Amino acid sequence: MALDLSQLNPQQRAAVLQTEGPVLVLAGAGSGKTRVIAHRVVHLLDKGVPARSVLAVTFTNKAAQEMRDRIARLAGDRARVKGLTVSTFHAFGMRLLREQHARLGLPARFAILDAGDQVALVKRLLRESLQIDDKRFDLPRVVSLLSRRKMGTAPGQPGAPDHEYELCATELLPRYQLGLRAMGAVDFDDLLLVPLKLLRADAQLLESYRNRHRYLLVDEYQDTNETQLQLLELLAGMRRNLCVVGDDDQSIYAWRGAQVRNILQFDKRFPGCAEIFLEQNYRSSANILDAANAVIGKNPARKAKRLWTDRGRGPPLRVVCAPDDEAEAKYVADEIVRVSYEEKIPPREIAVLYRTNAQARPFEEALRLLGVRYRVVGGTSMFDRKEVRDLLAYLRAALNPSDEISLLRIVNVPARGIGDQTVARAQELARGRGATVWEVFSQGAPELSHAAERIAQFAQLVEKYGQRLSGPGFSAAARDLVDEVGLFDEARRSSQSLPAQARRIEAMESLLRQLIDYEKREEQRVSDLRLSGLGLQTSNLSDSPADEEFGSGLLGYLTRLALDSKEADGDAGDSVTLMTLHGAKGLEWRCVFLCGLEEGLLPHSGKGFDGETVEGAINLEEERRLCYVGMTRARERLVLTRAAQRIRRGKAMMRTPSRFLEDIPAELLDTVDLGSPQAAPKEVQEAKAKNFFANMDALLKDP
DNA sequence: GAATCACGCATTTTT
DNA sequence: TGCGTGATTC
């Protein structure tokens with residue numbers, strides 16, 4: 001019954017056994033981090049720590065779910081892990097807010113604004129409250145500035161080149177906060193900030209949280225921001241039972257407020273902490289590790305780790321220079337076919353990684369041409385599409401009409417004769433009456449003359465579906481809504497091309513399917529619970545965060561969606577993965593293609609990427625870490641590619657090789673230059689020739 | 001108030 | 001390349 005720790009290496013074991021006081025575990029890539037965390041939690045349980053005293057925090061819901069699974073599997077007995085809290089920072093904050101909503105003046109079911117909603121709100125405030133043309137500002141940038149202000153990490157700097165943005169943020173911030181309040185909503189930052197404030201202000205509440213969560217565990221600690229650090233400090237209190245696990249070399253979210261210094265200076269904040277290095281790597285071949293070490297070794301401020309492995313050297317890394325981006329993609333696609341035939345590496349064990357989503361396209365085309373199954377992860381997700389956002393806005397507005405962002409988004413979609421003028425007048429009226437826009441809509445307003453009738457109809461529609469969507473059968477109701485409102489017709493009408501039309505309809509269909517799926521699974525969970533209540537073993541060993549956390553029904557779905565935009569990545573069978581380097585953190589494949597190793601791209605140079613990188617304009621250290629993360633995803637084969645020339649907006653631009661390539665010792669590399677024909681593999685030469693003649697033909701036919 | 005067309009724009013990473 | 005936005009016209 002006792003946990004078997006003999007399978008762990010000495011450092012891993014130390015990380016498991018050091019249960020008291022602050023502990024910093026520096027877990028290099030592939031060093032068995034998740035394993036250690038799971039063992040540590042189960043070890044705590046073995047020692048008699050009640051499950052409900054353990055709080056483990058992650059950044060993503062996926063990571064939380066994985067951790068739950070690992071712990072449950074290791075603990076073996078489901079009853080033992082009952083009461084354990086494994087949650088994201090944001091979900092944790094949300095739970096606290098739910099508990100305390102009344103004293104904060106928040107409705108019990110407050111809305112959570114996602115990035116798109118934030119932009120919409122800022123846009124509205126700019127126009128209506130400040131009378132500023134919203135085109136003058138890059139709205140996402142304004143939103144991120146507001147976020148930094150809220151977090152207290154961006155003091156206004158007069159005289160800075162973006163002074164107008166600073167001014168804008170200063171004017172906007174109080175109005176933005178009021179706007180949130182008025183809607184009974186919070187944004188992502190509030191999910192952390194408000195709990196922090198509350199715990200600071202209420203000693204009793206703080207005490208109860210400290211008593212409940214006696215053992216704290218944080219994964220991916222290098223990604224924490226200032227607020228999260230303060231929250232952890234507060235919760236840890238004098239007990240200081242805080243174990244953080246992370247890797248400063250994999251800190252790639254500084255642009256989002258993460259502070260590497262949290263992990264670098266952990267010992268300053270928590271003096272006397274234990275520091276444990278996990279450096280044995282169980283993932284990659286020695287060649288890959290040596291190369292990755294060489295790249296990351298150039299970073300000045302870091303907790304120097306030297307990953308090692310007792311596995312073999314493996315094949316050398318390949319560095320490929322293609323004449324242009326198309327050839328790069330073609331080479332990668334050819335290699336994928338070859339590797340899956342000759343080395344029997346299945347597509348699911350192969351990944352193509354790149355810096356920016358825009359790079360995905362050529363790879364998609366090349367793979368499609370060869371009939372290779374692939375899936376593109378990330379990029380503009382289905383939930384960023386206009387029509388899906390419209391549909392979601394319908395659902396949200398119906399459930400909660402005081403969600404003004406959603407309500408106003410759909411009030412005239414599809415066009416139903418309630419234009420900007422009418423909406424503006426309704427808002428005016430609302431302000432005059434001291435009421436909300438929804439109240440004006442639903443109570444009727446003769447002042448709105450000819451539009452009054454239309455508005456009454458719209459309000460009726462919202463009310464009707466508000467009823468139907470808030471109970472069981474909501475997925476069917478959503479479909480009816482789409483039909484009744486005519487969203488499909490709208491998509492058909494407003495698309496200029498047939499494929500665009502198909503994409504829009506498909507996107508909405510897929511959301512509807514997800515809803516059906518979700519409702520089914522929820523029914524399943526409910527009956528599972530009933531079974532387990534009768535003492536029957538159920539299929540699912542680990543509980544997913546249950547309804548009490550997110551709410552049930554459609555509201556639960558929408559809440560989950562707000563906190564986890566990449567719901568179900570639908571594991572589409574055996575296919576090659578295409579994703580950005582950011583998306584790849586925490587994953588691994590037998591064979592990895594790391595593409596676009598060029599100055600301006602990796603390291604990325606921000607605007608334009610026109611070759612020469614302006615030092616200081618980018619965070620070179622973070623770009624280096626990004627490269628390191630990419631390299632360490634590979635188990636057996638790592639191929640680094642670049643293009644000598646890239647077509648961008650119709651113009652060809654010469655590219656220089658990434659400085660990171662220079663840092664890798666030549667003896668680890670096998671260099672291929674597709675630009676010089678002698679060096680190119682025969683198949684590639686033939687393909688290039690074919691491509692050349694095809695282009696000639698096209699030119700001759702259509703001069 | 002709605003539909004159509006044309007222009008012009010901008011492309012990093014997202015819990 | 002595609003998209004969104006704006007001006008124009010009905």
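Treat the numbers as computed from the prediction; the structure is a model and nothing was measured. Here is how names work: the chains are called A, B, and so on, in the same order as the sequence lines, proteins then strands, and each is numbered from 1.
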Separation of B/dT14 atom C1' from A/L139 atom CG, nearest Å, is 17 Å
Among B/dT14, C/dG4, B/dA2, the one nearest A/Y253 by side-chain distance = B/dT14
Would you kindly give the CZ-to-C1' distance between A/R385 and C/dG2, to the nearest whole Å?
-> 12 Å
Output for pair (A/R355 CZ, A/C595 SG), nearest 0.5 Å, gives 14.5 Å
Between A/N357 and B/dT12, does any side-chain N or O lie under 4.0 Å from OP1 or OP2?
-> no
So, is A/T580 close to the B/dT14 phosphate, meaning a side-chain N or O under 4.0 Å from OP1 or OP2?
-> yes
For the side chain of A/K123, starting at C-beta, report the closest nucleotide among C/dT5, B/dG1, B/dT12.
-> C/dT5
Residue of the set A/D248, A/N225, A/T224 for which side-chain hydrogen bond (donor to acceptor under 3.5 Å, both in side chains) holds with A/N262 = A/T224
For A/Q421, which contact category applies under a 4.0 Å heavy-atom criterion: base, sugar-phosphate, or nothing?
-> sugar-phosphate
Would you please determine if the base of B/dT13 is stacked by A/H604, with stacking meaning a centroid separation under 5.5 angstrom and planes under 30 degrees?
-> no
Please state how far atom CG in A/L602 lies from atom P in B/dT13, giving the value in whole angstrom units.
-> 13 Å
Measure from CD on A/E364 to P on C/dG2 and round the result to the nearest Å.
-> 13 Å
Check the distance between C/dG2's C1' and A/K386's NZ and give it to me in whole angstrom.
-> 16 Å
Out of C/dT5, B/dG1, B/dT13, minimum distance to the side chain of A/T422 belongs to B/dG1
Would you say a side-chain N or O of A/R355 is under 4.0 Å from OP1 or OP2 of B/dT11?
-> no
Between CD of A/E387 and C1' of C/dG4 the distance, given in whole Å, is 13 Å
Candidates C/dC3, B/dA3, C/dT5 - which lies nearest the side chain of A/R503 | C/dC3
DNA chain B: A/A415 or A/I252, which has the more 5' nearest nucleotide?
-> A/A415
Any chance you could measure A/L113, atom CG, to A/L191, atom CG, to the nearest 0.5 Å?
-> 10.5 Å
Candidates C/dG4, B/dT14, C/dG2 - which lies nearest the side chain of A/R361 | C/dG2
Matching residue for A/D249 among A/R624, A/R302, A/K585 - test: salt bridge (Lys or Arg N to Asp or Glu O under 4.0 Å) | A/R302
Which pair of heavy atoms, one from A/A292 and one from A/Y628, lies closest together, and at what distance?
-> O-CD1, 3.4 Å
Pi-cation contact, A/Y394 with A/R409 (under 6.0 Å, within 45°) | no
What nucleic acid atoms does A/R416 come within less than 4.0 Å of, heavy atoms only: base, sugar-phosphate, or nothing?
-> sugar-phosphate
Euclidean distance for P, B/dT11 against C/dG6 (whole angstrom) = 16 Å
Classify the nucleic acid contact of A/A358 as base, sugar-phosphate or nothing, counting any heavy atom under 4.0 Å across all strands shown.
-> nothing
If you find the nucleotide of DNA chain B closest to A/E622 and the one closest to A/A451, which residue's nucleotide is nearer the 5' end?
-> A/A451
Expressed in angstrom and rounded to an integer, what is the separation of A/L601 atom CG from B/dT13 atom C1'?
-> 12 Å
Against the side chain of A/T356, the closest entry in B/dA3, C/dG4, B/dT12 is B/dT12
How long is the line joining CD of A/Q359 and C1' of B/dT13, in whole Å?
-> 11 Å
Under 4.0 Å: is that the gap between some side-chain N or O of A/N412 and OP1 or OP2 of B/dA2?
-> yes
Identify whether a stacking contact exists between A/W255 and B/dT13, where the ring centres must be under 5.5 Å apart and the planes under 30° apart.
-> yes
